[in-house]
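A short worksheet on the structure shown next.
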Amino acid sequence: MRRASWFNIGSLALGLAFLYLPIVILVIYSFNASRLVTVWGGWSIRWYAELIDDRAMLESAWVTLRIAFLSASAATVLGTLAALALVRFGRFRGRVLFSGMIYAPLVMPEVITGLALLLLFVAIDIDRGFWTIAIAHTTLITCFVTVVVQSRLLTFDTTLEEAAMNLGCPPVKTFLTVTLPLIAPALVSGWMLAFTLSLDDLVVASFTTGPGATTLPIRIYSEVRLGVKPEINAVCTILIALVAIGIASASLLAKFHHGGRGAMAGLAGR
Amino acid sequence: MFAPWADPAARPLVRFDGVSKRFGTATAVERVSLDIFSGEFFALLGPSGCGKTTLLRLLAGLEMPDDGRILLDGAELTTVPPYRRPINLMFQSYALFPHLTVEGNVAFGLKQEALPKAEIASRVDEMLALVRLEGFAKRKPQHLSGGQRQRVALARSLIKRPRVLLLDEPLAALDKKLRSETQFELMQLQESLGLTFVIVTHDQQEAMTVAGRIAVMDHGRLVQVATPQEIYERPTSRWVADFIGEINLIEGSVTEVGRSGTVVASAAGRLRALSPADVTAGDVVWVALRPEKVRIALEPPPVEGENCVAGQVADIGYLGDLSIYKVRLDNGIIMKTAVANVTRLVERPINWDDRVWLTWSSEAAMVLTR
Ligand SMILES: Nc1ncnc2c1ncn2[C@@H]1O[C@H](COP(=O)(O)OP(=O)(O)OP(=O)(O)O)[C@@H](O)[C@H]1O
Ligand SMILES: [Mg+2]
């Protein structure tokens with residue numbers, strides 16, 4: 001192994017500082033006792049305490065969590081079905097098109113996804129709000145679940161399913177008793193990834209939201225435009241912690257169960 | 001004597017009728033027609049990649065034949081899905097369920113039948129005792145040795161007492177001693193339960209030991225289907241003779257076909273052998289001779305009339321129970337002879353470079369046309 005030179009350590013520190021210094025400052029300032037954002041007034045958790053009384057903020061957090069939970073669950077079901085179709089049905093007609101369409105949201109600018117969904121909701125004349133955001137988020141994050149589950153299915157030993165059928169187990173039951181338990185870790189990590197993606201989405205949510213459904217990112221964004229308040233720092237710190245826990249446990253799960261490592265590494269960097 | 005294949009009135013349990021299976025352009029199984037009878041211990045023997053596993057998978061319903069039909073008890077089996085066939089397969093790769101314990105794996109087949117819990121438990125215990133894994137019921141397959149996993153796979157496929165049990169190289173991971181013990185246990189089991197076993201192996205010793213009949217396969221085709229004795233003593237081709245056991249092959253042409261046998265003119269002189277049905281003078285044939293049927297001596301034989309060739313000892317191999325002598329004949333042909341080491345020899349009477357005479361009776365030699 002090469003010894004770490006001062007140059008290497010220096011460039012690593014610089015890179016990490018560039019990426020994380022703003023976040024570190026935000027976290028530190030969330031513990032600032034002073035009301036003025038730019039003045040350090042000593043350590044305190046008073047903004048966290050004040051959050052508890054901020055009804056609007058709590059309301060938004062609750063909406064965000066519900067949306068994230070719903071859309072992550074729906075995306076896990078849809079994404080798993082798509083992954084099964086891609087891996088198991090061989091070279092069916094239109095497979096390339098299908099996989100292209102599944103992966104498109106991965107690279108599509110969110111503004112376009114958001115705008116397209118907004119147009120759709122307007123066209124079919126749905127009241128925009130909680131449910132439209134949930135649907136839009138499902139559209140946005142299904143492909144991530146597909147990537148994670150697909151890479152697990154590719155390494156799945158199909159002779160296990162053959163063994164189950166050989167022992168008298170019909171196909172659907174085989175899927176439920178053999179395949180599903182074995183790919184469950186990939187489903188869980190796909191779900192967590194989807195959950196965190198929904199949690200921190202601003203663009204698509206602001207396109208598809210309506211009266212009465214303000215998610216946390218939307219509220220933070222609109223409040224910050226009126227001036228940075230210390231409570232916002234506290235909310236953001238909590239969000240960061242949630243997202244970090246979600247991503248870390250998703251990639252840990254993927255690592256422990258071999259499957260999906262490559263996909264997770266690629267996605268976690270997004 | 002149990003030999004339903006020799007009885008034209010016997011109904012086969014399993015019938016392959018011109019079955020072919022192709023993967024892309026490669027043919028894994030080619031026009032196989034084969035009858036397997038109830039209560040048989042049947043072995044499929046052949047080199048790696050010859051289609052043995054594919055044949056079993058066709059029978060288990062995990063592959064669909066491209067051509068031909070498979071019948072069970074005279075009824076079409078090709079349309080029956082794998083989970084409704086009374087046929088269990090022990091996979092070459094074991095395919096144990098990693099999320100279940102040893103017990104869970106073994107019980108899996110019975111759980112599909114909705115039997116009472118107590119009965120499942122007692123049959124699982126019985127099965128684990130049979131494969132000597134009593135202490136391992138709660139372990140996961142990942143925490144077992146290769147041989148133990150193999151026994152779990154065996155127990156799992158046996159527990160449903162299927163009409164036909166397919167074993168794909170079931171004993172390959174066992175050491176020699178455990179393997180021969182398990183071979184005899186398998187034979188006893190098959191006999192006592194009255195099941196039909198089809199075993200795949202590339203170990204000819206194993207096939208000879210356990211099976212009542214052997215099918216030798218090559219490149220997806222059946223080359224010969226017969227009892228072990230017949231395959232060993234009367235192979236139908238050079239390929240089979242060479243694949244099963246050791247063989248000396250001497251090429252020549254038939255000069256005489258008579259009641260006393262066939263005379264073949266070869267580079268090793270005129271050789272006498274029993275005639276197969278279909279040779280005539282002038283045919284190019286091979287005289288095939290098992291090494292253990294050749295006698296070796298330091299002096300020329302006193303009696304005439306037997307086959308006799310002279311040469312020089314080129315190599316001696318000591319195998320414990322046998323000694324193998326490689327003899328270079330005067331015309332350059334190498335012949336092998338095996339001599340049982342009956343007495344404990346301090347010094348070998350026959351040594352390297354000794355001049356020796358090889359003799360064999362005409363009944364010992366076979367004439368092969370292919
Ligand atoms: N799913 C498949 N796709 C393509 N080719 C296959 C497939 N399964 C088997 N084959 C080919 O068919 C031939 C027969 O394979 P098979 O597994 O039956 O051999 P085998 O006799 O069991 O060999 P071994 O003793 O090594 O297990 C091989 O040439 C193999 O490459
Ligand atoms: Mg095989």
Side-chain angles (χ1 to χ4, degrees), chain A residues 76 80 83-84 87-93 95-96 148-192 249-250 252-261, chain B residues 24 53-54 56-64 80-101 104-115 120 124 127 140-142 149 152-168:
Chain A
T76 302
T80 303
L84 278 170
V87 175
R88 290 296 170 79
F89 294 169
R91 326 234 107 241
F92 58 88
R93 274 171 73 102
R95 183 179 184 281
V96 174
V148 175
V149 176
Q150 190 181 15
S151 65
R152 174 69 189 96
L153 280 176
L154 283 174
T155 59
F156 187 84
D157 181 8
T158 47
T159 51
L160 293 177
E161 291 172 357
E162 291 177 342
M165 289 211 250
N166 181 257
L167 291 165
C169 193
V172 173
K173 195 171 172 204
T174 296
F175 180 78
L176 294 177
T177 55
V178 175
T179 316
L180 209 52
L182 288 171
I183 64 168
L187 298 193
V188 174
S189 60
W191 186 90
M192 285 191 195
S249 40
L252 273 183
L253 259 174
K255 205 167 199 161
F256 278 132
H257 293 270
H258 315 292
R261 203 177 308 185
Chain B
T53 298
T54 307
L56 292 196
R57 288 173 58 85
L58 284 165
L59 189 50
L62 302 173
E63 307 281 359
M64 277 291 149
V80 181
Y83 49 92
R84 294 234 183 77
R85 300 190 185 195
I87 294 172
N88 286 153
L89 168 62
M90 175 183 163
F91 288 74
Q92 192 168 7
S93 59
Y94 315 150
L96 298 177
F97 304 125
H99 59 303
L100 299 179
T101 59
N105 268 279
V106 175
F108 192 90
L110 292 183
K111 290 216 175 113
Q112 310 309 319
E113 293 178 358
L115 292 177
I120 294 182
V124 167
M127 215 60 236
K140 290 278 178 72
Q142 301 88 294
R149 274 180 226 172
V152 176
L154 180 63
R156 188 180 71 175
S157 58
L158 253 176
I159 198 159
K160 290 190 85 174
R161 297 186 196 139
R163 298 289 304 280
V164 187
L165 179 65
L166 310 174
L167 302 156
D168 199 349

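A, B, ... follow the sequence lines: proteins, then strands. Residue 1 opens every chain. Note that these values count all heavy atoms, side chains included, but never hydrogens, waters or copies made by symmetry.
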Where do R156(B) and A163(A) come nearest, in terms of heavy atoms and distance?
NH2-CB, 3.5 Å

F91(B) side chain near E162(A) side chain, heavy-atom distance below 4.5 Å:
yes

If you count heavy-atom pairs within less than 4.5 Å of chain A, which of I159(B), L96(B), N88(B) leads?
N88(B)

Can you tell me which portion of T177(A) sits under 4.5 Å from chain B's heavy atoms? Options are side chain, backbone, both or neither.
both

Shortest non-hydrogen separation from C169(A) to Y83(B) and the atoms involved:
O-CB, 3.6 Å

Residue part contacting chain A, namely of L166(B), when any heavy atom lies under 4.5 Å:
neither

Chain A contact via L110(B) - which portion, at a heavy-atom distance below 4.5 Å
neither

Do F108(B) and V178(A) have side chains that get closer than 4.5 Å, going by heavy atoms?
yes

Please report the shortest heavy-atom distance between S93(B) and T159(A), naming the atom on each side.
OG-OG1, 4.2 Å

Please report the closest heavy-atom contact between F97(B) and L160(A), naming both atoms and the distance.
CE2-O, 3.3 Å

Using a cut-off of under 4.5 Å for heavy-atom pairs, which of E113(B), R57(B), R84(B) has the most such pairs with chain A?
R57(B)

Any side-chain heavy-atom pair from P181(A) and L100(B) closer than 4.5 angstrom?
no

